[in-house]
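Data block below; observations after.
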There are 2 protein chains.
Amino acid sequence: MGMIVKALKKGQTLQTEDGREILGPDASKGERTRVRILDEAAALASENGIGAVTLGPLADRLGMSKSGLFAHFKSKESLQVEVLVRSAERFTEVVIAPIRAEKDKPKRLAIFFRNWLDWIEHPGLGSGKGGCPILAAHFEYDDVPGPVRDQAAKHNGEFYEFIRRLVAVALPQADEYATAAAIDGLGLSHLLRVRLMGDEKARLHTLRAFEALQKNPPLKGA
Amino acid sequence: MGMIVKALKKGQTLQTEDGREILGPDASKGERTRVRILDEAAALASENGIGAVTLGPLADRLGMSKSGLFAHFKSKESLQVEVLVRSAERFTEVVIAPIRAEKDKPKRLAIFFRNWLDWIEHPGLGSGKGGCPILAAHFEYDDVPGPVRDQAAKHNGEFYEFIRRLVAVALPQADEYATAAAIDGLGLSHLLRVRLMGDEKARLHTLRAFEALQKNPPLKGA
DNA sequence: GAATAAAACGAACGGTCGTGCTATTAAATG
DNA sequence: CATTTAATAGCACGACCGTTCGTTTTATTC
């Protein structure tokens, strides 16, 4: 999920390499505004989808002019891409980073999964009051070629890889690919049950399925 | 392009690929056109999402005027809702109906799952060359209130129910809710792996996870 | 085939979209 | 402070959006 944000003129410092966003009080006003825009755009995207991140309404929410906002990005498309990047940073911070505290590998997997369910369920944990912008983008742009799709695909690939490695060390006997797919799927399905259907028992069922998966994962060389 | 049904003259019938849905020779021209619009709109939706079903381009594809097209629906929103309804019909025809031929319940579940994966993988099995419009709508509209969301939620609810019942008779010892969620998730995850990441081994991994799930599902009263 | 109803069209509307420009204001620098 | 540079605003553009309306073409009915 680490991605270097370029596109600055002189030797500026807005960087996001090690998950640590360096944006001190010494940052220029432009850089601060830029992040403010990105966060608000992520909130908007979370409610209505990346495709609905349009300049006018976004500028209104920020209390600034459309053109003043636009001057920060070379196109709307690049704004959308950067929203995804920023959302991924948030995701890493909230869901992934905290699990490092747990040293026991199987427990670490379980903690990750619960964190992820929290992220999915809880509006505002990430950004807006809607769902995860990146997940929405995955399905919104899965067949629409372009930079947004590419960025979404990149994140999805990295996320899947992340789960796979977690599984590999937590459940050594398991087919890590199949198991990762199953875990990924549980999250996706959970999102629909919670956000689309408002199923109160969603978490109960999802966790049951997860526990069964932990106990009896697809095995290697089956 | 190849999917576009040419203009029909009086007395011709309009039917889907396997000749199930018959719009008889006595159907008025308006009704026939209406279906033609819906099918083309579904194709468009499958490529770019329901939100991208706009009147101008849709009219172009159909070789008719925007206003002539619009006259068939009271609003764009209602057009979108009807696209979902029609797509659901297609889904039932292609994925669900054929499984009734298999009487053995566990086998029936397996056949359904494979049919579903086919539907997810295969562009054009349903409508356009993109992915399933309904699934896309689920994530596109999960936080956008309105008729489109309501329709999508309805379909998702029915689909989940369908899987649950299938599980209940195929795997009586299983927690049908948790198992249904897991199966649903496998399909969703599969879609991303295939359509977004182009993972060649996606089907292999998904099927492995499914078989493990069949063998060791989450159990009742766990 | 004439009469009537249905369907499709063309043009136009008010709106919003993304994106250039130029001017103005605020910040950074010496 | 004065000067330079970055940030924002204002305005206008062309394109496209959904929608309406009056007209014309095509189906259907007598």
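Everything numeric in this text was worked out from a predicted model, so none of it was measured. Throughout, a chain's letter reflects where its sequence line sits, starting with A, and its residues are numbered from 1.
Salt-bridge formation is detected for the pair B/E176/B/R164: a Lys NZ or Arg NE/NH1/NH2 atom is positioned less than 4.0 Å from an Asp or Glu carboxylate oxygen.
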Quiz item: What do the steps show when you test B/K154 against B/E158 for salt bridge (Lys or Arg N to Asp or Glu O under 4.0 Å), and what is the final call?
Solution: CA-CA 6 Å; B/K154 180 167 178 287; B/E158 288 170 358; 3.2 Å; yes
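Counting only heavy atoms from C-beta outward, the side chains of A/L79 and A/H72 never approach each other to under 4.5 Å. Proximity of B/L191 to A/L188: side-chain heavy atoms (C-beta onward) are nowhere separated by under 4.5 Å.
Separating the CG atom of A/L55 from the C1' atom of C/dG15 is a distance of 16 Å, rounded to the nearest angstrom. The NZ atom of B/K74 sits 11 Å away from the P atom of D/dT20 (whole-angstrom rounding). Rounded to whole angstrom, the span from the CD atom of B/E31 across to the P atom of C/dA7 amounts to 8 Å. Between the P atom of C/dA8 and the CG atom of B/L58 lies a distance of 13 Å, rounded to the nearest Å. For A/E77 and C/dC17, the CD to C1' distance is 15 Å, given to the nearest whole Å. At whole-Å resolution of the value, CG in B/L79 and C1' in D/dC17 are 14 Å apart. To the nearest angstrom, P of D/dC16 lies 20 Å from CZ of B/F70. Following rounding to the nearest Å, B/F73 (CZ) and D/dG18 (P) show an atom-to-atom distance of 13 Å.
Here the nucleotide nearest the side chain of B/P57, chosen from C/dG20, C/dC17, D/dC17, is D/dC17. Relative to the side chain of B/S28, the nucleotides C/dA7, D/dT20, C/dT19 differ in distance, and C/dA7 lies closest.
Between the side chain of B/S46 and the backbone N or O of B/A43 there is at least one donor-acceptor pair closer than 3.5 Å. With hydrogens and angles disregarded, no donor-acceptor distance shorter than 3.5 Å links the side chain of B/R149 to the backbone of B/E140.
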Quiz prompt | Contact pattern, 5' to 3', of nucleotides 8-15 of chain D - B, S or - by protein heavy atom under 4.0 Å | solution = BBBB----
